[in-house]
Amino acid sequence: MNLVVVGAQWGDEGKGKLIDILSEGVDITVRYQGGNNAGHTVIVGNKEYIFHLVPSAILRPQKICVIGNGVVIDPKALLEEIDGLKKRGLSIGGAQLKISSNAHVVMPYHKVMDQLREGKRSQKIGTTGRGIGPCYSDKVGRMGIRIIDLLNPQVLKAKLADNLNEKNDIFVKVYAFKNYDFSEIYKEYLKFGQRLKPYICDTALFLNQAIKNKKKILFEGAQGTFLDIDFGTYPFVTSSNAITGGVCSGTGVPPTKIGQVVAALKAYTTRVGEGPFPTEFGKEMNECIRSKGHEFGATTGRPRRCGWFDAVIARYAVTINGATQLAIMKLDVLDELEEIEIATAYKYKGKIYKDYSHDLEVLTHAKPVYEKWPGWRTSTREIRHYKKLPLAARRYIERLEKLLEVPVKYISVGSKRDEIIIR
Ligand code: GDP
Ligand code: IMO
Ligand code: MG
């Protein structure tokens, strides 16, 4: 059965590690949204890989990786990523990696616009500065340049001219920034197109044909449910549908062909960038968990904000993603704690909120209602069987399971490939 790995918090749940493990049992792994704002870490032996656009399954030589149409592709970043992986000994040709012809292209002006727009906002989002928002804006605004356009000089010429015609005015008149030179970008992007050509195809047709041929597909979510453009803590979100709903529009695989959904959750919560975070720790505990969990962004290196597990958001995520299984990641980070808390509701102005609220004021000012659970105060990193986990750890996992009403199938107890318990 085809399956999705989706982030059920604010990203960085450990999706990369999980995908690396699950990709062993599938034929094809597909990214369906986001761009190189994502940073997915895979650690095999003593080698660490951080994937931004290339699916995290590329380490498995017999498997095919696909970048779907819902992804926004910075060709320069993608080529650098491919070159970097080749240097590390991986073979990445058109047989291993396929890129959707109708994915949209991140242009140099998107990255600059991302930064200029942030600069003008009083309520900053804390974007990764990778041009993701402006690129998706152009897609929806019907101004976007797609991967296939890079292969057609006439089409690229007309589209780029139209874009620069409008954008140069905005850059100069609104932001007092520079004019972009048409011919420089035009030549550079035609070259990118030629270099990417061996990988480009109609990936929707490819995937549907593979499904007909009984191949198994894993859909790799980027970001997380609360960074989703529709369901996240808007406007402090990314610009794509990170939820499982994004799989269909982002790959052309219909909903009838998706079976399992694994919701990835940390055993606590983190967030990088601005925006509400009801269970965020105070300064001291924030620093403690950040250092135990090495909570620094895989893309930007920014320190991640940390907090207790929030069952209010997790329950919402499980619902809208249709999770069939949970993966609880980074349990080992809690190993030394005496007491662990879980938020089961929020309280704001005397009212109890059992469900996630779309009201930014509630999310920003609500106080979580916590349950306290005893810690296990012993290392779980060597444990590979559920029954061998300390009783308090099992109680914690089973409490999460009860709150979310979905079985926990995977428990991750370290960053390496084999540091996992499969129930
Ligand atoms: P992703 O964006 O969801 O793929 O997650 P990231 O790779 O950005 O962040 C997860 C971080 O946690 C990475 O540094 C992983 O190596 C690490 N990690 C994943 N699972 C575990 C785990 O079970 N325990 C510990 N200690 N680290 C983990
Ligand atoms: P992975 O796939 C965590 C956050 C940014 C910012 C907001 C908008 O590794 O889980 P953007 O550049 O997308 O316009 O930024 O979204 N963000 C992420 N946070 N993990 C990610 O990806 C993220 N991708 C974007 O920090 O708050
Ligand atoms: Mg990440």
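Note: hydrogens, waters and symmetry copies are ignored here, and every other heavy atom, side chains too, is used.
Taking the six-membered ring where the residue is Trp, the centroids of F171 and Y180 are separated by under 6.0 Å.
Two residues are said to be in side-chain contact when any heavy atoms from C-beta on lie closer than 4.5 Å; V140 and Y136 fail this criterion. Under the 4.5 Å side-chain criterion, counting only non-hydrogen atoms from C-beta, I421 is not in contact with T380. Using a 4.5 Å cut-off on side-chain heavy atoms (C-beta onward), L400 and W373 make no contact. Looking only at side-chain heavy atoms (C-beta outward), I258 and C248 come within less than 4.5 Å of each other. Between E371 and W308, the closest side-chain pair of non-hydrogen atoms is not below 4.5 Å.
Under the 3.5 Å distance criterion, with hydrogens and angles disregarded, no donor-acceptor pair is assigned to the side chains of D202 and S101. Side-chain contact check for T270 and D12: no donor-acceptor pair (N or O, by modelled atom type) lies under 3.5 Å. Using modelled atom types, one finds no donor on one side chain facing an acceptor on the other under 3.5 Å when comparing R130 with T128. In this model, a donor atom of one side chain and an acceptor atom of the other lie less than 3.5 Å apart for H110 and D138. Side-chain contact, N241 with S249: no donor N or O sits under 3.5 Å from an acceptor N or O. Side-chain atoms of Y189 and D149 include no donor-acceptor pair closer than 3.5 Å. Side-chain N/O atoms of Q260 and T324 include a donor and acceptor closer than 3.5 Å.
A salt bridge links R423 with E401; the closest basic N to acidic carboxylate O contact falls under 4.0 Å. Electrostatic pairing of E220 and K15 does not count as a salt bridge here, judged by no charged N lying under 4.0 Å from a carboxylate O. Salt bridge status for K266 with E295: present, with a side-chain N to carboxylate O gap under 4.0 Å.
When the shell of 6.0 Å around CD1 of I148 is examined, it contains 12 or fewer heavy atoms from other residues, nucleotides or ligands. Atom CD of E405 sits in a sparse spot, with 12 or fewer heavy atoms from other residues, nucleotides or ligands closer than 6.0 Å. Shown here is K367, whose NZ atom has no more than 12 heavy atoms of other residues, nucleotides or ligands within 6.0 Å. More than 12 heavy-atom neighbours from other residues, nucleotides or ligands sit within 6.0 angstrom of OH on Y386. The environment of CZ in R395 is sparse: at most 12 heavy-atom neighbours from other residues, nucleotides or ligands sit within 6.0 Å. Around the CD atom of E339, the shell of radius 6.0 Å holds more than 12 heavy atoms that belong to other residues, nucleotides or ligands. The 12-atom threshold is exceeded at CD of E398, counting heavy atoms of other residues, nucleotides or ligands nearer than 6.0 Å. No more than 12 heavy atoms of other residues, nucleotides or ligands sit less than 6.0 Å from atom NZ of K76.
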>> Is there a side chain to side chain contact (heavy atoms under 4.5 Å, CB included) between I229 and Y234? Walk through the geometry before answering.
In response: CA-CA 7 Å; I229 184 76; Y234 192 92; 3.9 Å; yes

>> I132 vs V72, test: side chain to side chain contact (heavy atoms under 4.5 Å, CB included). Steps then yes/no.
In response: CA-CA 7 Å; I132 306 300; V72 289; 3.9 Å; yes

> Can I99 and L78 be said to form a side chain to side chain contact (heavy atoms under 4.5 Å, CB included), step by step?
Replying inline: CA-CA 10 Å; I99 300 173; L78 176 57; 3.5 Å; yes

>> Evaluate I185 against M107 for side chain to side chain contact (heavy atoms under 4.5 Å, CB included), listing each step before the verdict.
In response: CA-CA 9 Å; I185 301 180; M107 303 296 288; 3.7 Å; yes

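Remark: side-chain polar atoms of D228 are paired, donor with acceptor, to backbone N or O of I243 under 3.5 angstrom. Judged purely by atom type and a 3.5 angstrom limit, T225 uses its side chain to pair as donor or acceptor with the backbone of G7. A donor-acceptor contact shorter than 3.5 Å is absent between the side chain of K17 and the backbone of T41.
Taking all atoms of both residues into account, the shortest heavy-atom contact from H52 to G39 is ND1-CA, 3.8 Å. Counting all heavy atoms, side chain and backbone alike, I50 lies closest to A298 at CG2-O, 3.7 Å. Nearest heavy-atom pair across L196 and L79 is CD2-CD2, 3.7 Å. Here the closest heavy-atom approach between residue V106 and residue P75 is recorded as O-CD, 3.6 Å. Between K63 and V26, the shortest heavy-atom contact is NZ-O, 2.9 Å. Closest of all the heavy-atom pairs between A314 and L265 is CB-CD2, 3.9 Å.
Between W10 and F277, the ring planes lie tilted relative to each other; the angle falls in the 30° to 60° range.
At least one test fails for R271 against the ring of F226: distance under 6.0 Å to the centre or angle within 45° of the axis.
Shown here are the ring-ring contact (aromatic ring centres under 6.0 Å, His included) partners of H358, two or more places apart in sequence or in another chain: Y316, Y356.
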